[in-house]
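First listed ligand is number 1; within each ligand, the first listed atom is number 1. In what follows, every heavy atom counts, from backbone to side chain, and hydrogens, waters and symmetry copies are set aside.
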Amino acid sequence: MSEEKIAMVGTPCQIMAASKMQHYTQTPIFFKIGLFCMENFSYSYFSKMLETMDLTMDEVEKFRIEKGFAFLTLKNGKQVKISLSKAKTVVRKNCHICVELTSETSDISIGSIGSENGWSTVIIRTERGEKIIEEAIKQKFIKAKELTPSQLKLLERIASNKIQENYETIEERESKARPVLYVRDKTDESIMDEINVSNFDDLRANVINVGSCVLCGACECVCPEELILIKNTKPRKKRKKCPDDCHMCFAVCPRTFVPIDLRNDLTKAIGNYRKILSVKSLKHNEGQDGVVVTTMLDYLLANNIITKTLVVDKKEDLAWKPYAKLTKDVDEIVKASGTKYSVCPIFKPLKQIKKDVI
Ligand code: SF4
Ligand code: SF4
Ligand code: SF4
């Protein structure tokens, strides 16, 4: 068993994969900070869309979505406004069947919806999450106040709209024999029966080839035979045969069957929680996107609660291309902060320490 204790920051689908890894395997993931996520864009299609506007990703300094538009701030200072309906044409297919806005299986979830500028909404879901937030307040890393009823209502409304809209797509897909396994209402026993007869071929048929893969990299990370490889697009498997008793990739994938304790309750727009707060950082730059996430990782490292963080940064040589990294350097965490708007196999770096832990 590894000595590592890792805090990860991820989108709801990545946090679900981490929760399934905790459920079915031994993993060094100790603390899960979930982000709010409406959708994510395909990196290659987004680049192509910019090309039609005579732009490249390289020219983009900042990206934000607000009031029905995607705003690009270019390095030359100019602003480009793209209607969200146009931007949505390059949303990843799997995001259209996503029924989570707020990372319901995290320890704490953090996002801007519901809070005023300079503050973040923090949903505390576990006992560990509650203790950590209380202590971070005592040590003056953050300050917190209650969310007002109207702020909470706004968050619930946005989450509920996402569920409703995407659930319609799920129903349509299920009726056309394009399975959406992760929302299916099955007992834990019947899920185990399914897992015990499934391997990568079933993952490919029921998730990857039907546009459900979120490209999280959990399958690649847990494969004991190192047969799965994710390069730029979907997971692929080497030709070698899987051992008859291995079902690991199918078990941990966030888009296969989900055990009851982890399954999204579609009647609760933001899932189960213990407390919900509006939080401001007292340690890091106020204006910076993702500042409360950075501050919480700083707190966890400063108090030796974790050994490393698993975060997503942008590549220096390929503008806006995200990649995952393990780090305990707070400057590196600050550099990685902020929304990326496209995905990468976040669990890839865990392969380095996998041999110790699985
Ligand atoms: S599936 Fe898409 S919308 Fe859902 S959490 Fe993942 S990236 Fe976000
Ligand atoms: S060896 Fe196991 S984890 Fe790897 S691809 Fe085969 S079934 Fe999946
Ligand atoms: S197939 Fe692999 S990469 Fe895709 S969602 Fe499932 S676990 Fe993640």
J.: Which ligand 2 atoms does P243 reach within 4.0 Å, using its non-hydrogen atoms?
T.: 1 (S)
J.: Taking both backbone and side-chain atoms into account, decide whether C223 has an N/O/S atom under 2.8 Å from atom 6 (Fe) of ligand 2.
T.: no
J.: Using a 4.0 Å heavy-atom threshold (strictly under), name the region of C216 that reaches ligand 3: side chain, backbone, both or neither.
T.: both
J.: Would K283 and Y299 count as a cation-pi pair here, with the cationic atom under 6.0 angstrom from the ring centre and within 45° of the axis?
T.: no
J.: With atoms numbered from 1 as shown, which atoms in ligand 2 lie under 4.0 angstrom from a non-hydrogen atom of E225?
T.: 1 (S)
J.: Heavy-atom contact check, 4.0 Å cutoff: does P224 meet ligand 2?
T.: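 Yes; P224 lies near enough to ligand 2 that a heavy-atom distance drops under 4.0 Å.
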J.: What atoms of ligand 2 come closer than 4.0 angstrom to any heavy atom of F200?
T.: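 This gives 5 (S), 7 (S) as the contact atoms.
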J.: Among all protein heavy atoms, pick the one closest to atom 4 (Fe) of ligand 1 and tell me residue, atom and distance.
T.: C98 SG, 2.3 Å
J.: Select one of side chain, backbone, both or neither to describe which atoms of I208 lie under 4.0 Å from any atom of ligand 3, heavy atoms only.
T.: side chain
J.: Against ligand 1, does R255 come closer than 4.0 Å with any heavy atom?
T.: yes
J.: Quick one: look up the protein heavy atom nearest atom 3 (S) of ligand 3 and list residue, atom name and how far away it is.
T.: G217 N, 3.3 Å
J.: Could you walk me through whether E172 and T169 pass side chain to side chain donor-acceptor pair (under 3.5 Å), step by step?
T.: CA-CA 5 Å; E172 194 194 322; T169 312; 5.6 Å; no
J.: What residue and heavy atom of the protein are closest to atom 6 (Fe) of ligand 2, and at what distance?
T.: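 Going by distance alone, atom 6 (Fe) of ligand 2 is nearest to C242 SG, 2.3 Å.
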J.: Mark the output for E100 as yes if a heavy-atom distance to ligand 1 is under 4.0 Å, and as no if none is.
T.: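 Distance cut 4.0 Å: E100 fails for ligand 1.
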J.: How close does the nearest protein non-hydrogen atom get to atom 7 (S) of ligand 1, and which residue and atom is it?
T.: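 Protein heavy atom at minimum distance: N40 ND2, 3.3 Å.
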J.: Among all the protein's non-hydrogen atoms, which is closest to atom 5 (S) of ligand 3, and how far away is it?
T.: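 Looking at atom 5 (S) of ligand 3, the protein heavy atom closest to it is V214 N, 3.3 Å.
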J.: Any non-hydrogen atom of Q14 lying under 4.0 Å from ligand 1?
T.: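 False for this residue.
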J.: For ligand 2, which atoms sit closer than 4.0 Å to a heavy atom of I228?
T.: 5 (S)
J.: Name the closest protein heavy atom to atom 8 (Fe) of ligand 2, giving the residue it belongs to and the distance to 0.1 Å.
T.: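 The answer is C249 SG, 2.4 Å.
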J.: To the nearest 0.1 Å, how far is atom 2 (Fe) of ligand 2 from its closest protein heavy atom, and which atom is that?
T.: C246 SG, 2.3 Å
J.: How far is atom 1 (S) of ligand 1 from the closest protein heavy atom, and which atom is that?
T.: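 It is N94 ND2, 3.3 Å.
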J.: Check each atom of ligand 3 against the heavy atoms of C253 and keep those under 4.0 Å away; list them by number with element.
T.: 5 (S), 6 (Fe), 7 (S)
J.: Which atoms of ligand 1 are found less than 4.0 Å from any heavy atom of P12?
T.: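 Matching atoms, with element in brackets: 5 (S).
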